[in-house]
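Scroll down for the structure; my scribbles are underneath it.
It should be emphasised that the depicted structure is a prediction, and the values quoted were computed from it without experimental measurement. Each chain gets a letter, A, B and so on, in the order the sequences are listed, and its residues count up from 1. Reckoned from all heavy atoms, side chains included, excluding hydrogens, waters and symmetry mates.
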There are 2 protein chains.
Amino acid sequence: MGDTQTGRPRGRRREADRNDERLMQAAREVFAELGWDAPVSEIARRAGIGMGSLYRRYPSKEMLAQRMRIVGMEQLVTQARTALAEEPDPWAAFARFLRDALSDQGAGGPLLPLVGGRLPATDEIVAAAARLRAALDDLVDGAHRAGVLRADFASADVPLLLEHLTARIPVTDERATALHLRYLDLILAGLRTSTTDGPTALQSPAPDWAELSELWNAPKK
Amino acid sequence: MGDTQTGRPRGRRREADRNDERLMQAAREVFAELGWDAPVSEIARRAGIGMGSLYRRYPSKEMLAQRMRIVGMEQLVTQARTALAEEPDPWAAFARFLRDALSDQGAGGPLLPLVGGRLPATDEIVAAAARLRAALDDLVDGAHRAGVLRADFASADVPLLLEHLTARIPVTDERATALHLRYLDLILAGLRTSTTDGPTALQSPAPDWAELSELWNAPKK
DNA sequence: CGGCACCGGAGAGGTCGATTCCTCTTCTCG
DNA sequence: CGAGAAGAGGAATCGACCTCTCCGGTGCCG
């Protein structure tokens with residue numbers, strides 16, 4: 001059945017779908033590298049499609065970015081769930097997720113685009129954020145319960161950490177990713193509970209998800 | 001004597017000097033928050049001076065930024081030297097320097113501006129970078145020799161770490177600094193040599209100063 | 001083979017920012 | 001005290017650049 005309902009896309013229609021994928025891909029890369037100010041034309045160029053096609057699919061730059069944010073978050077959710085499912089050890093799952101998120105193997109794009117916050121919050125975005133939160137909670141709670149992750153680390157720290165770790169530095173994508181992973185290793189070392197260290201409590205309070213959503217969404221205009 | 005030579009600045013001249021300080025201060029803040037694309041007018045606004053005055057002092061935005069980079073680097077050098085002088089314990093000195101650099105107490109500005117690399121390298125910049133390197137080498141070597149800092153951490157990691165840690169997030173300056181310090185604590189925990197952990201070697205190779213200077217300076221045009 | 005739906009890309013119109021220019025103020029000095 | 005220098009301030013200039021629209025060309029279907 002499945003195929004019968006929508007009909008397997010063929011010809012022109014198939015190209016449109018492929019274009020859409022390339023678009024998301026390109027948008028991820030470009031926004032990650034240049035930030036919100038990246039010219040739309042650059043996205044089109046990298047996707048190998050014309051401006052016309054891009055704007056037919058998404059009515060505005062903002063809509064494009066919104067969609068990309070959702071796709072990005074869903075990708076993180078998938079990576080979190082996969083890590084959880086494939087790694088029996090809670091610490092391994094946690095560490096693997098962070099590494100996957102940074103190297104972003106699935107998408108091929110070198111960086112992940114939590115991107116230009118300060119866009120109006122769509123219902124879809126809110127929903128995606130909720131799913132992301134749930135997934136990260138699972139990951140972090142699991143590690144906490146296993147006693148391998150320092151207790152003063154919250155799940156809301158994860159997106160912020162990723163955002164810090166993906167700081168844009170003007171080197172080749174490959175080297176940038178390598179450096180990101182290097183510093184992730186450092187942070188993982190600091191995150192792991194060690195029975196020897198006592199006085200290493202974090203001094204500033206953890207962020208919570210309310211703070212994150214304020215940070216990600218425009219002040220409800 | 002001393003005063004006789006230049007004459008203690010008075011009146012208009014004195015105001016000009018004060019303006020210059022405010023300018024550097026404002027530039028630090030604004031560039032730190034908005035990045036290289038920050039409008040010059042915003043810097044002037046925050047410094048409380050007019051565009052005319054700004055442009056009489058610095059012939060272009062680029063020159064202004066260059067000077068600011070030098071001032072920023074010198075400030076880091078001072079902080080490093082101070083930490084080294086005032087903290088007998090190598091680890092304490094190292095940690096204190098990083099904390100100082102992030103909270104930037106001396107300047108009053110909330111963030112430090114390693115800023116928009118990719119500007120042509122002035123001789124002055126090269127010299128300042130060399131002094132910075134020397135200071136950081138001292139700090140890192142001291143900790144290494146004391147055996148309190150993991151061996152695979154290089155002095156060239158310091159500027160990169162700072163750059164990562166100061167990732168711009170759109171919250172109040174105070175909260176941003178708090179979060180930066182939070183993640184610094186995490187990294188410090190990971191940086192400290194612990195005799196218990198073996199398998200935590202960093203996977204990506206350390207950066208070196210040659211890489212940094214490429215990253216900071218425009219490809220000699 | 002004709003028509004439709006879609007593609008790519010040049011260009012209109014508008015925003016925004018670096019730099020300049022001109023006016024008004026504050027000192028300095030004879 | 002008045003003229004002139006040295007600045008201060010900020011509006012106006014001159015482009016650069018970007019988003020989004022419009023249009024001629026092309027491949028696929030019947």
Side-chain angles (χ1 to χ4, degrees), chain A residues 6-27 29-31 33-68 115-116 118-120 218, chain B residues 3-27 29-69 113 115-116 118-120 218:
Chain A
T6 57
R8 168 180 291 130
R10 272 177 304 163
R12 217 53 169 190
R13 177 55 191 276
R14 185 175 190 72
E15 181 178 1
D17 285 355
R18 200 170 44 90
N19 276 353
D20 200 45
E21 261 175 64
R22 285 162 151 233
L23 252 185
M24 277 298 128
Q25 175 58 32
E29 291 184 18
V30 172
F31 278 130
E33 275 172 44
L34 282 345
W36 169 253
D37 293 339
V40 173
S41 58
E42 173 64 16
I43 297 178
R45 197 183 61 71
R46 275 204 223 187
I49 74 174
M51 295 293 293
S53 309
L54 187 158
Y55 269 88
R56 192 154 345 84
R57 187 90 190 70
Y58 299 96
S60 70
K61 179 182 187 178
E62 190 170 310
M63 294 291 192
L64 171 63
Q66 294 288 41
R67 172 73 72 184
M68 192 204 57
V115 172
R118 295 316 185 191
L119 290 184
Chain B
D3 272 347
T4 314
Q5 186 123 64
T6 57
R8 170 179 290 129
R10 271 178 304 164
R12 218 46 174 190
R13 177 53 192 277
R14 185 175 189 71
E15 182 177 1
D17 284 355
R18 202 170 41 95
N19 276 354
D20 200 45
E21 260 176 64
R22 285 161 150 234
L23 252 184
M24 276 299 128
Q25 176 58 33
E29 290 184 20
V30 171
F31 278 131
E33 274 172 43
L34 282 346
W36 170 253
D37 292 339
V40 173
S41 57
E42 174 64 15
I43 297 178
R45 198 183 60 70
R46 276 206 221 186
I49 75 174
M51 297 293 291
S53 310
L54 189 158
Y55 269 87
R56 191 157 342 82
R57 197 103 188 88
Y58 299 97
S60 71
K61 179 182 187 177
E62 189 171 310
M63 292 294 191
L64 171 63
Q66 294 288 41
R67 173 75 72 181
M68 190 204 57
R69 284 222 280 166
V115 173
R118 292 321 185 189
L119 290 184

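The CG-P distance, from Leu23(B) to dA8(D), rounds to 10 Å in whole Å. The nearest whole Å value for the distance from the OH atom in Tyr58(B) to the P atom in dT19(C) is 15 Å. Atom CZ in Arg22(B) sits about 13 Å away from atom C1' in dA8(D), given to the nearest Å. Rounding to whole angstrom units, CZ of residue Arg45(A) and C1' of dA10(C) are separated by 17 Å. For Glu42(A) and dG8(C), the CD to P distance is 16 Å, given to the nearest whole Å. Taking atom CG on Asp20(A) and atom C1' on dC7(C), their separation rounds to 15 Å, with Å as the unit.
Residues forming a side chain to side chain contact (heavy atoms under 4.5 Å, CB included) with Ala38(B) (at least two apart in sequence, or on another chain): Val30(B), Phe31(B), Leu34(B).
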Nucleotide N/O of nucleotides 18-24 of chain D paired with protein N/O under 3.5 Å:
residue : atom : partner  : partner atom : Å
dT19(D) : OP1  : Ala38(A) : O            : 3.4
dT19(D) : OP1  : Lys61(A) : NZ           : 2.5
dT19(D) : OP2  : Val40(A) : N            : 2.9
dC20(D) : OP2  : Tyr55(A) : OH           : 2.6
dC20(D) : OP2  : Lys61(A) : N            : 3.0

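No side-chain donor-acceptor contact under 3.5 Å links Gln66(A) and Glu62(A).
Distance check, rounded to the nearest 0.5 Å: CD1 of Ile43(A) to CZ of Arg22(A) gives 15.0 Å. Within the model, atoms CE of Met68(B) and NZ of Lys61(B) stand 10.5 Å from one another, a figure rounded to the nearest 0.5 Å.
Phosphate proximity of dG8(C) to Ser53(A): present, with a side-chain N or O under 4.0 Å from OP1 or OP2.
Across every non-hydrogen atom of Pro59(B) and Arg57(B), the tightest pair is CD-O, 4.1 Å.
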(request) Start with the C-alpha gap between Asp20(A) and Tyr58(A), add the side-chain angles, then the distance that decides, and say whether side-chain contact (heavy atoms from CB on, under 4.5 Å) holds. (result) CA-CA 10 Å; Asp20(A) 200 45; Tyr58(A) 299 96; 3.0 Å; yes
